[in-house]
Amino acid sequence: MADTIKLTFPDGSVKEFPRGVTGREVARSISPGLARQALAVGVNGEVRDLSRPIEEDAEIRIYTWRDPEGRATYWHSTAHLMAEALEALYPGVKFGIGPPIEHGFYYDVDLGERKIGPEDLEKIEAKMKALARRDVPYERKPVSKEEALAYFSEKGDEYKLELLSELEDGTITLYRQGAFTDLCRGPHVPSTGVIKYPKLLNIAGAYWRGDEKRPQLTRIYGISFPKKKELDEYLERLEMARRRDHRKLGRELELFTFSRKVGAGLPLWLPRGATLRETLINFLKQEQLRRGYQPVVTPHIGRLELYKTSGHYPYYKDSQFPPMMDDEEEGYLLKPMNCPHHTQIYDARPRSYRELPVRLAEFGTVYRYEQSGELSGLTRVRSFTVDDAHIFCLPEQVKDEFKDVIDLTLFVFGALGFSDFKAQISLRDPENREKYVGEDAQWDAAENAIREAAAEMGLDAVEEKGEAAFYGPKLDFMVKDALGREWQLGTVQLDYNLPERFDLTYVGEDNRKHRPVMIHRAPFGSLERFIGVLIEHTGGNFPTWLAPVQVAVLPVGQDFEAYARRVTEQLKEAGIRAEADLRNEKVGYKIRSAEVMKVPYMLIVGAREEAAGAVAVRRHGQGDQGTEPLETFLGRIREEVEEAMRPRVFAS
């Protein structure tokens, strides 16, 4: 065996190192600065500790705070630091899991009869900082299953014992820092001193393994940063997010509510929220009609057999409501998906290649049994409406249909102010092709069609291998909101599975039957989730075309209520959503109320305005805009609305 190994770097360069070299030593060979910043090392795609010897030729990458892998390692190590602090402060505490998440980490813990609240986080945080200052190493120790079972049995931690029971001997590692030892795959940063600015954020309840029948643990969330400035900026963004929380704004703007008597996760839309929702629906319906979609309506339930054929039941039964049984039928299920219903509309009569593509669209309400602990305002609900459409097309039409869906999605994003987004193409895992439905030739053609469609529409799409659905490749849009948070909004998926399962056909030019390709698409996705994201993105300051109330008409006194009513009626007749505030309050109070409700325009009317047939215009957040004839204002606001909703020409 050679004494040296070859390491290939991201830039393609190859260097020789002694066998057993560590990631830390490789980083130091590049520069002392990189060695100081290094948090972990990637070896052939596996993220490892910097201290772990590298024994084979490999592709290598040094991860720092700038890399997602580096931040995940930093936050996972902070979770272990918090666990050590908890064990010191609350002897006998038991530990579930403590992973890094998108922003920070959490640890699920069992404190027994003890309870902790937000007031205890500062004490735990102080202990973490004291432990970090010792600057002790995170030490990795491979152990046998027998050794690990003995350790956690003696410790009396049944949660770790359950996790261990699912692991194979020879794959188990423990990590130790200071007085704390945990079952963990790693990796971790070199030592606790690397962790500079930890911050514990909040406490929640979480069922062990997500099962409502198992014990409820205490979940503690936190985050950490190497620099105080980064922590301060994050906390500032967090405070802004709290102010923009769609649950808070939904109450303040009178958009939606929830009722315990109705049920958890079942939103009730108030008049203003219903107007917002219907405006979005009508906006997309109008554009879909222009693009050749045909509206359909399907019931809220279907026979269990329908979902068995589609594959949605029993494979996803844990996220579905229980079937409703019937003596004469096998049973019915609350609709978890619209697509099986749409296959039956397509299959209602014979189809010819001449009429394809067939584009069926529905704002269909579906139902999922989300666990109560996972419900969150509008973004995680049990009843939601999907802007579902299913396109049944010829294989050679796939690319053009994809381009049109991309164009439609970009039109929606533009109208709603989502300008920072990226596209992600999800492909097969080339090493695991047996898990996918369909022939290789079909998949190759479909993947190439998606690539070409994205390129021709000007998208710089990232490709992710192994992320395709089992029935076909897909294109997702990852959108950043005004706070820099990323959301998956808008998806297009190719499907060879359902046409096969439901034996869908069309008669081709050769007079033989062929299978259509099915495309699933939803620019909004869940309408509830989309509106929740939109509320937080805009802070409730909706564009004028979408605002539930576009204009508030405010008389300066009771003597001018009749004129205020006439102005309001003229606005309504012109298609503008207007309300007159006729309360016996001072006009300043009415202005403040309209500002709080984030109404885009306020029209102040008094003696001078009535005499001139004019209005004094105020813009939300901008103040006085001057006085102008009502007809002039009407023309201006209508142009503003029409411009925002003006269709774009599809670039074929």
Side-chain angles (χ1 to χ4, degrees), residues 207 209-213 258-269 277 281 294-348 358 360-376 378-392 437 469-472 474 491 493-504 516 518-522 524-530:
Y207 290 105
R209 310 300 288 268
D211 186 344
E212 292 178 335
K213 298 176 183 177
F258 291 90
S259 166
R260 183 179 294 274
K261 292 181 179 179
V262 173
L266 303 173
L268 300 170
W269 292 93
R277 175 189 168 99
I281 289 174
Q294 302 175 73
V296 297
V297 178
T298 60
H300 290 246
I301 63 173
R303 284 190 62 213
L304 197 56
E305 185 62 33
L306 177 72
Y307 306 107
K308 286 184 176 180
T309 303
S310 71
H312 292 107
Y313 190 91
Y315 303 109
Y316 306 108
K317 69 177 182 179
D318 289 344
S319 62
Q320 296 169 8
F321 284 92
M324 298 171 280
M325 305 311 292
D326 186 282
D327 289 340
E328 297 180 6
E329 300 280 355
E330 185 181 2
Y332 288 84
L333 195 67
L334 276 172
K335 181 169 62 172
M337 293 278 191
N338 296 302
C339 38
H341 294 252
H342 288 191
T343 65
Q344 299 311 289
I345 292 176
Y346 174 87
D347 204 34
V358 172
L360 305 178
E362 174 183 21
F363 280 83
T365 301
V366 297
Y367 303 88
R368 307 280 175 81
Y369 184 71
E370 301 287 357
Q371 294 183 3
S372 58
E374 295 179 341
L375 298 174
S376 179
L378 294 179
T379 57
R380 198 74 177 264
V381 291
R382 287 174 171 164
S383 167
F384 56 94
T385 301
V386 182
D387 60 323
D388 243 338
H390 296 93
I391 302 167
F392 302 87
V437 175
F470 71 93
Y471 51 75
K474 61 178 181 172
T491 186
Q493 301 178 1
L494 269 180
D495 186 353
Y496 299 108
N497 181 49
L498 288 190
E500 186 71 33
R501 282 177 173 265
F502 285 106
D503 192 26
L504 304 182
M518 188 173 178
I519 299 176
H520 306 244
R521 53 107 282 203
F524 291 152
S526 157
L527 194 59
E528 281 71 12
R529 181 173 176 271
F530 189 91

Next on the checklist: Checking H342 against D388: is there a side-chain donor and acceptor pair closer than 3.5 Å?
Outcome noted: no
Next on the checklist: Quick check for you: to the nearest 0.5 Å, what is the distance between Q344 atom CD and L360 atom CG?
Outcome noted: 12.0 Å
Checklist entry - Rounded to the nearest 0.5 Å, what separation is found between the CZ atom of F321 and the OH atom of Y367? => result 9.0 Å
Next on the checklist: Any heavy-atom pair between the side chains of P295 and E362 that's under 4.5 Å?
Outcome noted: no
Item to check | Smallest separation among heavy atoms of C339 and H312, with atom names | outcome: SG-CE1, 3.8 Å
Checklist entry - Got a second to check how far I301's CD1 is from L306's CG, nearest 0.5 Å? => result 11.5 Å
Next on the checklist: For the NE2 atom of H300 and the OG1 atom of T365, what is their distance to the nearest 0.5 Å?
Outcome noted: 5.0 Å
Item to check | Mutual orientation of the aromatic rings belonging to H390 and H520 [parallel < 30°, tilted 30-60°, perpendicular > 60°] | outcome: perpendicular
Checklist entry - Taking side chain as C-beta onward, heavy atoms only, is N338 less than 4.5 Å from V386? => result yes
Item to check | Full working for side chain to side chain contact (heavy atoms under 4.5 Å, CB included) between S526 and T385 | outcome: CA-CA 6 Å; S526 157; T385 301; over 6 Å; no
Next on the checklist: Measuring only between side-chain heavy atoms, which start at C-beta, is I519 closer than 4.5 Å to Q493?
Outcome noted: no
Item to check | Shortest non-hydrogen separation from L498 to D495 and the atoms involved | outcome: N-OD1, 3.1 Å
Item to check | Side-chain heavy atoms of Y332 within contact of P323, under 4.5 Å | outcome: no
Checklist entry - Quick one: does K335's side chain get under 4.5 Å of P340's, heavy atoms only? => result no
Item to check | Within-4.5 Å side-chain heavy-atom neighbours: Y369 and Q320 | outcome: no
Checklist outcome for this item: Nearest heavy-atom approach of L375 to A264 is CD1-CB, 3.7 Å
Checklist entry - Between F524 and F530, how do the two ring planes meet: parallel, tilted or perpendicular, split at 30° and 60°? => result tilted
Item to check | Derivation and outcome, side chain to side chain contact (heavy atoms under 4.5 Å, CB included), residues T309 and F502 | outcome: CA-CA 7 Å; T309 303; F502 285 106; 3.5 Å; yes
Next on the checklist: Tell me if a side-chain donor or acceptor on E528 pairs with a main-chain N or O of T379 at a distance below 3.5 Å.
Outcome noted: no
Checklist entry - Are any non-hydrogen side-chain atoms of S259 and L268 less than 4.5 angstrom apart? => result yes
Next on the checklist: Side chains of V366 and F384, heavy atoms from C-beta outward: is any pair under 4.5 Å?
Outcome noted: yes
Next on the checklist: Distance check, rounded to the nearest 0.5 Å: Y496 atom OH versus M518 atom CE?
Outcome noted: 13.5 Å
Item to check | Heavy-atom closest contact (P516 atom, Y346 atom, distance) | outcome: CG-OH, 3.8 Å
Checklist entry - Checking side chain to side chain donor-acceptor pair (under 3.5 Å) for the pair T343/R501: CA distance, chi angles, key distance, verdict? => result CA-CA 10 Å; T343 65; R501 282 177 173 265; over 6 Å; no
Checklist entry - Should R382 and E370 count as an ion pair when the cut-off is N to O under 4.0 Å? => result no
Next on the checklist: What verdict does the side chain to side chain contact (heavy atoms under 4.5 Å, CB included) test give for I345 and T298, after you've listed the backbone C-alpha separation in whole Å, the side-chain angles of each residue and the deciding distance to 0.1 Å?
Outcome noted: CA-CA 9 Å; I345 292 176; T298 60; 3.8 Å; yes
Next on the checklist: side chain to side chain contact (heavy atoms under 4.5 Å, CB included) for L378 and F258? Distances and angles first, verdict last.
Outcome noted: CA-CA 10 Å; L378 294 179; F258 291 90; 4.3 Å; yes
Checklist entry - Closest heavy-atom contact between D387 and A522? => result OD1-CB, 3.4 Å
Checklist entry - Stepwise, does the side chain to side chain donor-acceptor pair (under 3.5 Å) test hold for T491 with K474? => result CA-CA 7 Å; T491 186; K474 61 178 181 172; 5.5 Å; no
Item to check | Atom pair CZ (R368) and OG (S383), whose distance is rounded to the nearest 0.5 Å | outcome: 11.0 Å
